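All figures in this text were calculated on a predicted structure; none of them were measured in a lab.
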Amino acid sequence: MQRTATQTTPIQAGPGPSDVRPYRERLLRIDDVCFMTGLGRSTIYAKVKAADFPGPVQLHGASVAWRETEVDAWIAARPAVGATPPAPAAPPTRPAKPGRAPRPARAAAMGAI
């Protein structure tokens, strides 16, 4: 018996033939969104309110979920850690008190190399 490769039929997303997707859109509940993003519930809802995070879709009554592709796109848009390091800050300097000479640096005062 010879095996043949099976073809998957794309799922149509909308009424037009140009809206064909090769996968099914998943809807994520809040616990899954928290797990994927590392954010807490209140942070996610605060970001939705501030339009800094994709909004949920209404499922039924008070039940909502987020589109997985929108959450993935939000995660991908986050800057990578260390991608652009901030400019190093200059050490703070204290003004000398009137009538006194400025203090020498601690390492120089202790005879360090």
Pairwise distance CD(Glu68) to CZ(Arg24) - rounded to 0.5 angstrom: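 Taking CD in Glu68 and CZ in Arg24, the distance rounds to 13.0 Å.
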
Can you tell me how far apart CG (Leu27) and OG1 (Thr69) are? Round to the nearest 0.5 Å. 9.0 Å

Of all heavy-atom pairs between Val33 and Thr37, which one has the smallest distance, and what is that distance?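 Closest pair (atom of Val33, atom of Thr37, distance): O-OG1, 2.8 Å.
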
Give the minimum heavy-atom separation between Cys34 and Gly40, together with the two atoms involved. SG-C, 3.9 Å

Arg26 (side chain) donor-acceptor with Arg67 (main chain) under 3.5 angstrom: no

Give every residue pair that meets the ring-ring contact (aromatic ring centres under 6.0 Å, His included) criterion with at least one member in residues 30-50, sequence neighbours excluded.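 Listed by first then second residue: Tyr45-Trp66.
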
Going through the distances and angles, do Arg41 and Asp31 end up as a side chain to side chain contact (heavy atoms under 4.5 Å, CB included)? CA-CA 8 Å; Arg41 289 173 177 257; Asp31 290 336; 2.9 Å; yes

Let me have the donor-acceptor pairs involving side chains of residues 47-56, under 3.5 Å, with sequence neighbours excluded, atom names and distances please.
none

Is there a side-chain contact between Leu59 and Arg29, using heavy atoms and a 4.5 Å cut-off?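 In contact.
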
Would you say Leu28 and Ile75 are hydrophobically clustered, going by side-chain heavy atoms of ILVMFWY under 4.5 Å?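 Yes, one cluster joins them.
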
